[in-house]
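Below is one structure; the comments refer to it alone.
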Amino acid sequence: MNFNQKVILLTGASSGIGEGIARHLAEQGHKLVLGARRTDRLASLCDELHREGASVDYLATDVTQRSDTQKLADFALEKYGRIDAMINNAGVMPLSPMSSMKVEEWDLMLDVNVRGVLYGIAAVLPTMQAQRMGHIINIASVGALTVSPTAAVYCATKYAVRAISDGLRQESRELRVTVINPGVVESELADSISDNVAREAMKSYRQIALKPEAIARAVSWAIDQPGEVDVNEITVRPTASGY
């Protein structure tokens with residue numbers, strides 16, 4: 001029995017880091033409400049976790065639509081009467097040189113990686129303020145720490161997530177705010193890269209990729225700290241990573 005059981009919302013839960021977080025937190029006995037666009041994958045994941053005794057629900061959630069994220073929060077509040085943690089994990093990474101002029105992909109990264117995080121915060125912040133407790137965890141990237149070629153816009157969105165997280169932390173005396181910066185992790189993020197130069201560069205970079213469970217353990221550790229302990233930032237890289 002988990003005596004520190006939390007009600008936790010998680011976006012981008014259908015694959016990669018999000019799925020890894022969902023599996024790990026379910027094993028820890030937390031109550032989960034999962035959101036993602038691909039409900040077929042969510043349904044399959046939830047069915048599997050239910051068979052293992054987990055308390056898991058899901059809703060179709062496009063984080064670029066504020067109403068979707070609000071519905072996720074409203075569902076959790078109606079079912080459990082509280083929201084203990086919100087994990088803003090959904091993200092996209094269609095890398096390309098600026099000169100490729102993939103403006104639509106720039107827009108997509110801004111919509112998902114920045115507005116999606118803001119909408120997730122907006123969905124739970126009033127409830128957490130009323131509770132006078134809560135934990136917001138934003139999944140950023142090592143791209144929030146340094147910029148690399150083909151990743152200028154992606155890194156800009158992750159720098160924004162880091163800035164938003166720290167600003168929220170400074171404004172909130174009773175809420176905990178954590179930003180997690182994963183290095184390269186096995187996921188489908190690179191599948192969205194349409195630029196040939198960026199796609200080829202990513203192949204060698206991903207040869208040392210971590211399993212999603214590595215990030216899930218970091219998230220779980222931050223959640224499990226006592227209420228008076230706020231883990232502000234964790235960076236998790238492969239040991240073999242040079243940057």
Side-chain angles (χ1 to χ4, degrees), residues 10-12 15-18 21 36-37 61-66 68-69 86-123 125 136-172 177-206 209-210 212 215 218-219 232-238 241-243:
L10 170 65
T11 65
S15 66
I17 290 174
I21 293 172
R37 290 175 300 141
T61 306
D62 179 348
V63 298
T64 69
Q65 303 299 312
R66 183 179 176 186
D68 278 15
T69 314
M86 172 63 164
I87 305 172
N88 291 303
N89 167 72
V92 293
M93 191 185 69
L95 305 182
S96 66
M98 298 290 290
S99 59
S100 295
M101 292 296 295
K102 294 184 178 291
V103 178
E104 292 81 6
E105 293 182 355
W106 302 350
D107 288 340
L108 177 63
M109 283 187 278
L110 289 168
D111 286 341
V112 175
N113 298 354
V114 181
R115 290 189 180 89
V117 168
L118 289 170
Y119 291 163
I121 293 170
L125 190 55
I136 292 175
I137 300 174
N138 297 325
I139 307 299
S141 167
V142 292
L145 308 174
T146 186
V147 181
S148 57
T150 75
V153 178
Y154 175 74
C155 290
T157 66
K158 295 304 183 177
Y159 268 74
V161 169
R162 194 166 178 240
I164 290 163
S165 301
D166 200 48
L168 178 61
R169 177 191 65 80
Q170 293 180 48
E171 294 175 5
S172 308
V177 182
T178 302
V179 60
I180 307 286
N181 300 317
V184 61
V185 177
E186 291 181 3
S187 73
E188 298 176 358
L189 268 181
D191 295 348
S192 64
I193 299 175
S194 63
D195 182 85
N196 291 331
V197 173
R199 188 164 55 247
E200 286 303 312
M202 187 56 61
K203 286 181 180 178
S204 59
Y205 178 62
R206 299 186 71 80
L210 294 170
I215 310 306
V219 170
N232 302 148
E233 187 166 15
I234 303 175
T235 299
V236 183
R237 291 183 175 95
S241 177
Y243 55 91

Practice task
Measure the shortest side-chain to side-chain distance between Val142 and Pro182 over non-hydrogen atoms and say whether it is less than 4.5 angstrom.
Solution key: no
Problem - Any donor-acceptor pair under 3.5 Å from Tyr154 side chain to Met109 backbone - result: no
Handout entry: Distance-minimising heavy-atom pair for Ala218 and Val236
Key = CB-CG2, 4.0 Å
Practice task
Could you pull out the closest heavy-atom pair between Arg237 and Leu145, with the gap in Å?
Solution key: NH2-CD1, 3.8 Å
Fill in the blank from the handout: One should read off an interatomic distance between Glu186 CD and Ile17 CD1, to the nearest 0.5 angstrom, of 11.0 Å
Problem - Within residues 137-147 or reaching into it, pairs that qualify as salt bridge (charged side-chain N to carboxylate O under 4.0 Å, His left out) - sequence neighbours excluded - result: none
Practice task
Applying side chain to side chain contact (heavy atoms under 4.5 Å, CB included), name anything that partners Asp62, two or more places apart in sequence or on another chain.
Solution key: Arg37, Thr64, Gln65, Asp68
Problem - Partners passing side chain to side chain contact (heavy atoms under 4.5 Å, CB included) against Ala140 (at least two apart in sequence or in another chain) - result: Ala144, Lys158, Val161, Val179, Asn181
Problem - Thr11 (side chain) donor-acceptor with Asn89 (main chain) under 3.5 angstrom - result: yes
Practice task
Measure the CZ-CZ distance between Arg66 and Arg115 for me, rounded to the nearest 0.5 Å.
Solution key: 13.0 Å
Fill in the blank from the handout: Looking only at heavy atoms, the pair that brings Cys155 and Gly143 closest together is CB-O, 3.2 Å
Problem - Minimum heavy-atom distance Gly18-Leu10, with the two atoms named - result: O-CD2, 3.3 Å
Practice task
Would you sort out whether Val153 and Glu105 count as a side chain to side chain contact (heavy atoms under 4.5 Å, CB included), showing the intermediate values?
Solution key: CA-CA 9 Å; Val153 178; Glu105 293 182 355; over 6 Å; no
Handout entry: Residues that Ile121 engages under side chain to side chain contact (heavy atoms under 4.5 Å, CB included), provided they are two or more places apart
Key = Asn88, Val117, Leu125, Ile136, Asn138, Ile164, Leu168
Handout entry: Minimum heavy-atom distance Pro238-Gly183, with the two atoms named
Key = CD-CA, 4.4 Å
Problem - With sequence neighbours excluded, residues passing side chain to side chain donor-acceptor pair (under 3.5 Å) with Asn113 - result: Thr157
Handout entry: Member of Val177, Thr178, Ile21, Ile234 meeting the side chain to side chain contact (heavy atoms under 4.5 Å, CB included) criterion with Ile137
Key = Thr178
Handout entry: Close side-chain approach of Thr150 and Ser148, heavy atoms under 4.5 Å
Key = no
Problem - Pairing residues for Asp166 by the side chain to side chain contact (heavy atoms under 4.5 Å, CB included) criterion, not counting sequence neighbours - result: Arg169, Gln170
Practice task
Look up atom CG in Asn232 and atom OG in Ser165, then write down how far apart they are to the nearest 0.5 Å.
Solution key: 10.0 Å
